[in-house]
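Worksheet: one structure, shown below.
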Amino acid sequence: MEPLYKPQGVEERWQRTWEDEGLYNAEPGSGRETFVVAHPPPNVTGALHTGHALQISLADALVRWHRMRNFETAFLTGYDHAGISTQNAVEKHLVEQGTSREEVGRERFVEIVWDWLHEYGRTITAQFRRLGASMDYRRERFTMDDAYIRAVMRFFVHLYRKGWIYRANRIINWCPHHQTSLSDLELVHEEVDDALTYIRYPFVDEPESGVTIATARPATILADVAVAVGPGDERWSDAVGREVVVPFVERIVRVIEDERVDPEFGTGALKVTPGHDPLDFEIGRAHELPELTVIGPDGRMNEDAGELAGLTQAEAEERILAWLKERGLLVKREAYRHSIALCERCKSRIEPLISLQWWCAMDELKQPALAALRDRRVTYHPPSQHRYAIDSLENAPDWNISRQIWWGHQLPVWQCPDGHLTVEETEPGACAECGSTELTRSEDVLDTWFSSALWPFAILGWPDETPELEAWYPGSLNTTAREIIRLWENRMIFSGLELLGEIPFSDVIIHTTVLAADGRRMSKSLGTGLDPLELIDRHGADATRYGLLKLTSSQDVRFSEGAIEEGRKLANKLWNVSRLILTNVGDARPEQRPSALEERWIAWRLDQAQAQVDEQFAAFDFAPATSALYHVTFDDFCDWYAEAIKPRLYDGDEDAQATALANLERLLKLLHPVLPHVTEEIWSHLPARETRLIVAPWPEPLGVADAGAEFEPIQTAAEVFRRAGVRPQLQGEQQRIFDAVVRPDRAKADGGNVEAEAARLRGEIARAEGMLGNERFVANAPGDVVEAEREKLERYKRELDALGV
RNA sequence: GGGCGCGUAGCUCAGCGGGAGAGCGCCCGCUUCACACGCGGGAGGUCGCUGGUUCGAUCCCAGCCGCGCCCACCA
């Protein structure tokens, strides 16, 4: 064993060994209690980022902890086909090669995506391995595997037959680049400097007057079908009910009242364009207005735009503004900063368009999920996310599930020449209504999240009744980022309840968002991303895992490399104290013979640390657990215990050696869920080991002979040394405390420090006596608080006496 | 505009009703036979501001200031 622990090479060796020896494998049906994590499937074209690394570190620590505690653990993952995201990546690739999606055509494009995935995709689980994630990689699943496709089709048909999937013409978000609809959740918003244009719509019977509206998109006035004002708006009370002329197209429309109009904005009058604005669409439907369109799917003016057909919106706007100016209808134009919707993938400006799309009705589907959340059958950590999960589900609008992209699950919908629709899991022979055999399949594909929603059970083989489904559904835990709650968590919960009647997992960890060191969000486009693989290369996977767990918090947290360096130091410290013990134990075998007092003391400290770790893992409080592990290793095990037994180890004391080995084993076990590699490596150097550490049993607390009672009153480890009658190699503060307690005469020679300590104790005594002398405190404070104060007072007095001043 | 959260040592963060903490950084001293990725010592904080509750507040409540994230159809 070298003096410096080098994780490079060691970690990869153990990762291979664990996997080759089948120690990651999950098998259903052992009858043991199960711990199942259906880990979020990364995008098939994805690369490991900090969020993944954090999720893995959390989940794997819990999985390893449960595995050692004899649970049947199943840590499963795979890949998500990630519709638009993948299509976008491959399209970029095609453009680089001088071609395009349109040029190669749909069929060929899908082939290219598959080829591309085989070459460039599916690499991220290799990176999961590099972090030490103890997943059963044999069970990797892909959301476009044949079996998974069957699950998706089953879900669609199931919902369709219940009447919850339907087709409707509505206004949707249209990406002119991808030529598809997008859900609200697939958009990003960006502030832009724009102009707000005030335009007068003349009254039909009083052309010199009229209603002035404000719009950010003058080009859409060609599709105006009304002007709306707030109900009872006094400024416009004379206008309501009258007719005005829409400029340029010279269409006569009516002035209506609607409560959706914000009287604060602009002039309080709104031009109503149901074909090109979501709010106007709602107003239009409420007032049964026609739905005209003048902008096409390509984002340009369409054939209904008359002489402007074919122009870009900017060109059309220019022509319209010139026209308005000539006729004195352009009231004013002012600078206007507002946010616009963009496609999150290609950043194209979203075009609200009316389009025939497929929808999933949420009203009934979400009810059991809401009940499950309200009953805490699914528990969010931290609990503050619970209410958000409920609110977001309560307010979930009907879900637009169809997309017009090419990469994804094609809808199981077939149409005959007469327009009848047949919905079947697999291609039907004939139209269900007219028997026609000339069927064409819908070209739409499903929203990626429609298939993701099935992940926790589709990967277990649903809709078949497999042993895995039987044993591992419902699962235990899901870990994810905050913004995924609506996209994924809610949908897994309602689909699991709908299809299997049970929640997919009992706990959801919404993990900390790790921000870049400068406080900005980590993002590739900002250049603030951080490659976890680089951290692993430099500090090791163990240190990276430790650091990320240490950074978890109730709040978003800035990345700090110090946390990871702390992990590296811990690994090195552990390595070296192991060297100390292993090179001085001769033929000893690990065995607890805690005869000496410092041995009972360390057993007690290890018990305490384990109790903390058990409790904190169970509560998903990772940062304090890592802290406890750090301090029990550095402070208790290395600084005091190892120093105390050193002389006995050197002298060949067999009890000390056997016990030291046993205590080291125990420490390694406690650290393994967080630092799996270095602990397994040291474990392999221990004599008489029968199993790999990864599957070794989690230690039973020793509960050594009333250790708690024996040590509870002892505040300094120095007292342990005194009672043990050993004279370890001590320096500085340790030496001083030791001397003060063991040999007050000697400590007196070191006057200054003892005086300072005595002064501190006198201060404490005065404070405690003051509190206890306060009748209101004694009367009002809880009994145990008062009692604790009395004990402290006694202790301070004892310590002061011990100083002998 | 709504929701959640945060402002504690130079930095990153714990603590959340009775002693102001950790890691890193900084200063001083140590080539002590496990570890210089180490050991020992030390400096450094009116715990954002103002009120309130309490015998007592970094911790609870209210307001204010500053910051972050999520959500939202202000044309």
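Letters A, B, ... are given to chains in the order of the sequence lines, protein chains preceding strands, and every chain is numbered from 1.
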Between [X] and [Y] (salt bridge meaning N to carboxylate O under 4.0 Å), is one present in this structure?
X         : Y         : answer
Arg333(A) : Glu317(A) : yes
Glu291(A) : Arg285(A) : yes
Glu561(A) : Arg568(A) : no

Side chain to side chain, Asp537(A) and Gln8(A), heavy atoms closer than 4.5 Å: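 They are not in contact (no side-chain heavy atoms under 4.5 Å apart), so the answer is no.
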Distance-only, no hydrogens or angles: does the [X] side chain make a donor-acceptor pair with backbone N or O of [Y] under 3.5 Å?
X         : Y         : answer
Asn173(A) : Leu182(A) : yes
Arg545(A) : Val674(A) : yes
His276(A) : Val294(A) : yes

Could you please name the option among [options] that lies closest to any side-chain atom of [X]?
X         : options                : answer
Lys573(A) : C69(B), C4(B), A34(B)  : A34(B)
Leu515(A) : A75(B), G68(B), A34(B) : G68(B)
Val261(A) : C35(B), G23(B), A75(B) : A75(B)
Leu580(A) : A34(B), G5(B), A75(B)  : A34(B)

Touch class at under 4.0 angstrom, heavy-atom based, for Ser627(A) against every strand present: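 Counting heavy atoms under 4.0 Å across all strands, no contact is made by Ser627(A).
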Sugar-phosphate, base or nothing in reach of Arg558(A), heavy atoms under 4.0 Å: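 Sugar-phosphate contact only.
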Presence of Tyr5(A) side-chain N/O under 4.0 Å of G38(B) phosphate oxygens OP1/OP2: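 For G38(B), OP1/OP2 do not have a side-chain N/O of Tyr5(A) under 4.0 Å.
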If I take atom [atom1] in residue [X] and atom [atom2] in nucleotide [N], what distance separates them, rounded to the nearest angstrom?
X         : N      : atom1 : atom2 : answer
Phe634(A) : A34(B) : CZ    : P     : 16 Å
Leu548(A) : U12(B) : CG    : P     : 17 Å
Asn572(A) : C39(B) : CG    : C1'   : 14 Å
His511(A) : G5(B)  : NE2   : C1'   : 16 Å
Leu4(A)   : A36(B) : CG    : P     : 8 Å
His539(A) : G23(B) : NE2   : P     : 18 Å
Glu561(A) : C13(B) : CD    : C1'   : 16 Å
Asp639(A) : A34(B) : CG    : P     : 14 Å

Heavy atoms of other groups near Glu394(A) CD, more than 12 under 6.0 Å: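 Yes - once you tally the heavy atoms of other residues, nucleotides and ligands closer than 6.0 Å, there are more than 12.
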Atom pairs, N/O to N/O, protein against nucleotides 71-74 of chain B, distance under 3.5 Å?
{"unit_1": "C71(B)", "atom_1": "O3'", "unit_2": "Arg486(A)", "atom_2": "NH2", "d": "3.3"}
{"unit_1": "A72(B)", "atom_1": "OP1", "unit_2": "Arg486(A)", "atom_2": "NH2", "d": "3.3"}
{"unit_1": "C74(B)", "atom_1": "O2", "unit_2": "Asp262(A)", "atom_2": "OD2", "d": "2.1"}

Which atoms of nucleotides 24-27 of chain B (N or O only) lie under 3.5 Å from a protein N or O atom, and what are those distances?
{"unit_1": "C24(B)", "atom_1": "OP1", "unit_2": "Lys569(A)", "atom_2": "NZ", "d": "3.2"}

Arg605(A) charged N/C atom sitting above Trp640(A) aromatic ring, 6.0 Å / 45°: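 Geometry flag: not set, cation outside 6.0 Å or 45°.
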In whole angstrom, give me the gap between the [atom1] atoms of [N] and [M].
N      : M      : atom1 : value
C27(B) : U32(B) : P     : 22 Å
C26(B) : G19(B) : C1'   : 26 Å
C61(B) : A75(B) : C1'   : 42 Å
A9(B)  : G5(B)  : C1'   : 23 Å
C13(B) : C6(B)  : C1'   : 12 Å
C11(B) : G25(B) : C1'   : 7 Å
A22(B) : A14(B) : C1'   : 7 Å
G10(B) : A34(B) : C1'   : 33 Å

No-hydrogen, no-angle side-chain donor-acceptor test under 3.5 Å, Asp277(A) and Thr220(A):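 No.
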Residues forming a ring pair (Phe, Tyr, Trp, His ring centres under 6.0 Å) with Tyr201(A), sequence neighbours excluded: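 Checked Tyr201(A) against ring pair (Phe, Tyr, Trp, His ring centres under 6.0 Å); zero matches.
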Could you measure the distance from the [atom1] atom of [X] to the [atom2] atom of [Y]? Nearest 0.5 Å is fine.
X         : Y         : atom1 : atom2 : value
Leu580(A) : Trp575(A) : CG    : CH2   : 14.0 Å
Thr212(A) : Ile199(A) : OG1   : CD1   : 9.5 Å
Thr197(A) : Arg217(A) : OG1   : CZ    : 12.0 Å

Base C35(B) paired with Arg579(A) side chain (donor-acceptor, <3.5 Å):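 When only heavy-atom distances are counted, Arg579(A) does not reach the base of C35(B) through any donor-acceptor pair under 3.5 Å.
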Residues in contact with RNA chain B, drawn from residues 216-226 of chain A - heavy-atom cutoff 4.0 Å: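 Under 4.0 Å from RNA chain B: no residue of residues 216-226 of chain A.
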5' precedence on RNA chain B between Arg568(A) and Ile581(A) (nearest-nucleotide basis):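 With Arg568(A) and Ile581(A) compared, the 5'-side residue is Ile581(A).
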Dot-bracket pairing map - RNA chain B, Watson-Crick plus G-U, both contacts under 3.5 Å, | cross-strand: ((((((((.[[[[.)..(..]]]].(((((.......))))).....[[[[[..)....]]]]])))))))....
Pairs flagged by side chain to side chain donor-acceptor pair (under 3.5 Å) wherever residues 382-391 of chain A is involved - sequence neighbours left out: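 For residues 382-391 of chain A, and leaving out neighbouring residues, the side chain to side chain donor-acceptor pair (under 3.5 Å) pairs sorted by first residue read Arg376(A)-His386(A).
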Leu270(A): which of Val227(A), Ile283(A), Thr215(A), Ile213(A) passes side chain to side chain contact (heavy atoms under 4.5 Å, CB included):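 Testing each of Val227(A), Ile283(A), Thr215(A), Ile213(A) against Leu270(A), the sole residue satisfying side chain to side chain contact (heavy atoms under 4.5 Å, CB included) is Ile283(A).
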